[in-house]
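Written below as C-alpha cells is the structure these notes are about.
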2 protein chains.
Amino acid sequence: MTRMTADGRKTARRAEAERNDHALLAAARAVLATDGAHASVAAIAKHAGVGIGSLYRRYPTKEALFQRLLDIVLDDYLTAAETALADPDPWNGLSGYVTTVIAFAGSLGPIAGTLPLTPAILDKNRRADEAVAAVIDRAHAAGVLRADASVIDVELLIEQLGKSPLIEQLAKQGRTDLSEAAQNAHTRITAIALDGLRATGHPPLPGEPPGPELFTERWEVPGSSEGTAPAGH
Amino acid sequence: MTRMTADGRKTARRAEAERNDHALLAAARAVLATDGAHASVAAIAKHAGVGIGSLYRRYPTKEALFQRLLDIVLDDYLTAAETALADPDPWNGLSGYVTTVIAFAGSLGPIAGTLPLTPAILDKNRRADEAVAAVIDRAHAAGVLRADASVIDVELLIEQLGKSPLIEQLAKQGRTDLSEAAQNAHTRITAIALDGLRATGHPPLPGEPPGPELFTERWEVPGSSEGTAPAGH
DNA sequence: TTTCTAACGGAGCGAAATGCTCCGCAGACT
DNA sequence: AGTCTGCGGAGCATTTCGCTCCGTTAGAAA
C-alpha cells in the first residue's frame, strides 16, 4: 500500500511518472510554439511520448497544464534576468537576456488571456518585471542602450521576435532539413534588431547569410506534381 | 436575359456584386491576419458583411478565394517595390518598402504551403522578387544598408515583423481601445529593426513610447472577477 | 513464483467547429 | 405586373477536440 521505501525515496514507478511530467511540460511548450492557440492535448501527449490518459492523471484539465507551464516559464524569465544582471557588461547582459528569452518566449503568446491567473503567478510576474527593468535601466545608465527605447519597447520587441513564422511553418511541414538554416536566419534577424537597440555602431552579423530556399521551398504543397515550385513571400 | 445595358455598362446588381467581391477580399486579408491558418469562411463572410452564399457564388471554394487573394497581394508587393525604386533616396526607398509591406504582409504567412500555385502567380512572384532585389541592391550600392545583410535577411525580417502577436491578440479580445497604442508600438519596433539594418547611426524613434497597458491588460480573461490583473509576458 | 496494484496507453463519446449546399426571398430590370 | 438575378443564412456531413473509461503492463510484496 505504501509506495515509499523505508528511507523515503521514490519508487521506480513514481520516478517514471516524474519523467513523464517533465516530458509533458516540454512537449506543451513545443506544441504551443508551433501549433499556436489550437494546440490539442492529443498532440502534446503524442509529442511527449505519453498516453492521453497519463496526461489527464497529472493535470485535471488542459487549462491546469498550461497554468503550470506558465508558472515554470515565469521562473525562466526571472532566471534569465538574474543571469543578465550577473554579467559585468551591461550590454552583454541585456543582449544575452533578449536572445535567451526569445528562445522560449514563443510558448506564451497563444495562451495569453485564456487562463485565470493565480496570485502566485501574478507575484512571480511582478518580480520578473522588476528584474528585467533593472537590466534595462542598467544598460540605459551605461549609455549602451539607445535612450529613446523604453522597457516596454524592449519587451514588445522580444515578443515580436519570439514567434518565428518561418520556423513554425517549416516545423508544421516537417521540413527538418531546413530547420538549422531557419534557426540561423532567425539568429541573424535577432542580431539586426538588437543592433537597432544599440546606442552606437553595429558589429558584423553572426553566421552565414540564409539561402533563398527558406523562401522558395516553403510554398511547395506536399502532394504537388511540380518538382520545382519556387515562390517567395 | 442580358445583364448589360445598351452601352455596355454594368447593371446595379453587378455593381453590388463587385463591391461585395472587394469586401470579401479585404475581409479575407483581415481575418487571415488575425485568425491565422484556421480562418473560417463564415468569419470572412461576416467580416465582409456578406452572406456565405454570396461568397460561394464568386469563389467555388475557400482555396480559390485565397488564391485570388495571393494574386492581389503579389501585385501589392510589386507596386511597393516599384514605388521604392521611384524614390530618389535609396534608404528612403528601402525603408518605405519595408514599412509598406509589413503593413499587409501578415495575410500570407498562414496560407503558405496550402495552395497550388498557378503559373501566373509564380510569374508575378518572380517579378516581385526581382524588384525588391533591385531596391536592396541599390541601397547596398549607395552604402546605406549594412553590407552583411542579404536580400533574404531583409525579406525574412519583413515577414517576422509582418505578423504582430500583440495586435492580433488585442483584436481577438476586441480591445479596440488599445489598438492605436499597439499600432504605435509596432511602428517603433519596426523603426528599431530598420535602424539595425542601417549602415550608420540611428535617427530618434517615432511616436511616443508605448505604455505598460499593452502588456498588463492583455492577460485579463474576459469573465474575470479581479478588476486589476496586471501581468506581462 | 504468484499476487497485488499503481500507473499506463489509447479507443471512443459527446460537443463544437467548419466547408459547403440549397432554398426561400428581395428588389432591379422589362 | 412579371421575371429572374443575386442575396442571406439555416442546415448537412465531416472533422476535430477535450475528456472519460477501461483493459493491459510491470514493479513491489509475499
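None of the values given here were measured: they were computed from a predicted structure.
- Distance CZ (B:Arg19) to C1' (C:dA28): 13 Å, rounded to an integer number of Å.
- Distances from the side chain of A:Ser54 to the nucleotides C:dC20, D:dC19, C:dC8 place C:dC8 closest.
- A distance-only check finds no donor-acceptor pair linking the side chain of A:Glu82 to the backbone of A:Ala131 [under 3.5 Å].
- Candidate nucleotides D:dC19, D:dC7, C:dG19 were compared by shortest atom distance to the side chain of B:Arg58, and D:dC7 ranks first.
- Side-chain contact of A:Ser150 with A:Asp153: a donor-acceptor pair under 3.5 Å is present, judged by distance alone.
- The stretch residues 34-52 of chain B comes close to DNA chain C through B:His38, B:Ala39, B:Ser40, B:Val41, B:Ile52, each having a heavy atom under 4.0 Å from the strand.
- For B:Thr61, a side-chain nitrogen or oxygen approaches OP1 or OP2 of C:dC20 to under 4.0 Å.
- The nucleotide whose nearest atom lies closest to any side-chain atom of A:Arg57 is, among D:dC19, C:dC8, C:dC20, C:dC8.
- Dashed line: the shortest gap from a side-chain N or O of B:Asn20 to OP1 or OP2 of D:dG6 is not under 4.0 Å.
- Pairing each heavy atom of B:Thr100 with each of B:Ala80, the nearest pair is CG2-CB, 4.2 Å.
- Between B:Asp123 and B:Arg126, at least one side-chain nitrogen of the basic residue sits less than 4.0 Å from a carboxylate oxygen of the acidic one, meeting the salt-bridge criterion.
- Remark: A:His22 pairs with no residue by the ring-ring contact (aromatic ring centres under 6.0 Å, His included) rule, at least two apart or across chains.
- Annotation: ring-ring contact (aromatic ring centres under 6.0 Å, His included) contacts involving residues 107-133 of chain B, sequence neighbours excluded, are absent.
- Five base pairs at each end of the helix from C:dT1-D:dA30 to C:dT30-D:dA1 define two local axes, and these are offset by 10° (rounded to 10°).
- Applying the side-chain contact (heavy atoms from CB on, under 4.5 Å) rule to B:Thr118 yields the partners B:Gln67, B:Ala120, B:Ile121; only residues at least two apart in sequence or on another chain are considered.
- A donor-acceptor pair is defined here as one N or O able to donate and one able to accept, closer than 3.5 Å; no such pair exists between the side chain of A:Glu63 and the backbone of A:Leu115.
- B:Leu55 places its CG atom 12 Å from the C1' atom of D:dG8, with the value rounded to the nearest Å.
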Run the side-chain donor-acceptor check on residues 38-54 of chain A: report pairs under 3.5 Å with partners two or more places apart or on a different chain.
unit_1  : atom_1 : unit_2  : atom_2 : d
A:His38 : ND1    : A:Asp35 : O      : 3.3
A:Ser40 : OG     : A:Ala43 : N      : 3.1

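- The nearest whole Å value for the distance from the OH atom in B:Tyr56 to the C1' atom in C:dT21 is 10 Å.
- Between B:Gly53 and A:Pro60, the residue whose closest nucleotide on DNA chain D is further toward the 5' end is B:Gly53.
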